[in-house]
Amino acid sequence: LYDKLVHFFKEEFQTLTGLSHPNLAKAYGFGFWREHFYYTAEFVDGVPIAEYLVGKEPSAMLPIFIQALEGLDFIHKSGLIHLDIKSENVLVQNADGKPVVKIIDFGLATTPSDYGGEFLGSIPYIAPEVALGIKGQVDRISDLFSFGVLMYFCLTGKTFYMASTV
């Protein structure tokens, strides 16, 4: 089990180090201390996107959504899918008086071809094809579904539940 965990965190670190975009958290290093492993990443002093957008008008939300989508687009153009897009993984921090979105937590990120059919992600944000573990259908659209659910929550304050099968 320990070797699997080390492999998992090494892969997450390698995924992060290969991605450089202003709307993604940066990775700095990976190592071991005694029997423990760690990786260091950019500290994002922000709040979850839904918390940041509470009470804002939709027109004020749009630039924040665009930043998040630019980061997500970069992830997808890099050949990866995040698989855990939710408010807690899309943070908004203040940088020189301006809000900056940072996508974090690439622990579930994979390529569409490496997706193994597992139930991955966070309810209620998970796309139906991921919830059902349908190999060959999980791709960038799965992340966009999750982001759409996140936008719905930010706009309405209500959780969207999907009650259908693929």
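Being a predicted model, the structure only gives us computed values, none of them experimental.
- Annotation: ring-ring contact (aromatic ring centres under 6.0 Å, His included) contacts of Phe74 (sequence neighbours excluded): His21.
- Qualifying side chain to side chain contact (heavy atoms under 4.5 Å, CB included) partners for Pro99, counting only residues two or more places apart in sequence or in other chains: Tyr52, Ile64, Val92.
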*asked:* As a quick check of understanding, evaluate side-chain contact (heavy atoms from CB on, under 4.5 Å) for Leu19 and Phe106, giving each step before the final call.
replied: CA-CA 11 Å; Leu19 301 176; Phe106 289 78; 3.8 Å; yes
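- Each of Ile85, Leu83, Asn89, Ile141 was evaluated against Ser146; a single residue qualifies, Ile85, per the side chain to side chain contact (heavy atoms under 4.5 Å, CB included) test.
- A distance-only check finds a donor-acceptor pair linking the side chain of His82 to the backbone of Asp105 [under 3.5 Å].
- Taking 4.5 Å as the limit, every side-chain heavy atom of Leu91 sits out of range of all side-chain heavy atoms of Val47.
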_Derivation and outcome, side-chain contact (heavy atoms from CB on, under 4.5 Å), residues Ile104 and Val90_ = CA-CA 6 Å; Ile104 64 168; Val90 182; over 6 Å; no
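- Taking the side chain to side chain contact (heavy atoms under 4.5 Å, CB included) definition, one finds that Phe153 meets it with Ala50, Tyr125, Thr159, sequence neighbours left out.
- Once rounded to the nearest 0.5 Å, the distance linking SG of Cys154 with CG of Leu53 reads 5.0 Å.
- Partners of Ser122 according to the side-chain hydrogen bond (donor to acceptor under 3.5 Å, both in side chains) rule, which considers only residues two or more places apart in sequence or in another chain, are Asp84, Lys86.
- Taking CG of Leu80 as the start and CG of Leu108 as the end, the distance is 12.5 Å to the nearest 0.5 Å.
- In this structure, Tyr28 has no ring-ring contact (aromatic ring centres under 6.0 Å, His included) partners at least two apart in sequence or on a different chain.
- Residues passing the side-chain hydrogen bond (donor to acceptor under 3.5 Å, both in side chains) test with Ser142 are Glu129, sequence neighbours excluded.
- Atom CD of Glu88 is separated from atom CD1 of Ile49 by 11.5 Å, given to the nearest 0.5 angstrom.
- Qualifying side chain to side chain contact (heavy atoms under 4.5 Å, CB included) partners for Ser113, counting only residues two or more places apart in sequence or in other chains: Thr111.
- Scanning for side chain to side chain contact (heavy atoms under 4.5 Å, CB included) contacts around Ala131 gives Phe119, Ile126, with sequence neighbours left out.
- Note on residues 43-57: no pairs pass salt bridge (charged side-chain N to carboxylate O under 4.0 Å, His left out), not counting sequence neighbours.
- Across all their heavy atoms, Ile103 and Gly71 have their closest contact at CD1-C, 3.9 Å.
- Sequence neighbours left out, the pairs with a member in residues 58-81 that pass side chain to side chain donor-acceptor pair (under 3.5 Å) are Asn23-Gln67, Asp73-Lys77, His76-Asp143.
- The side chain to side chain donor-acceptor pair (under 3.5 Å) contacts involving residues 94-103 comprise Glu42-Lys102, where partners must be two or more places apart or lie in separate chains.
- Through direct or relayed side-chain contacts under 4.5 Å between Ile, Leu, Val, Met, Phe, Trp and Tyr, Leu62 connects to Ile66.
- Residues Tyr115 and Asp139 are not in side-chain contact: their nearest non-hydrogen atoms beyond the backbone lie 4.5 Å or more apart.
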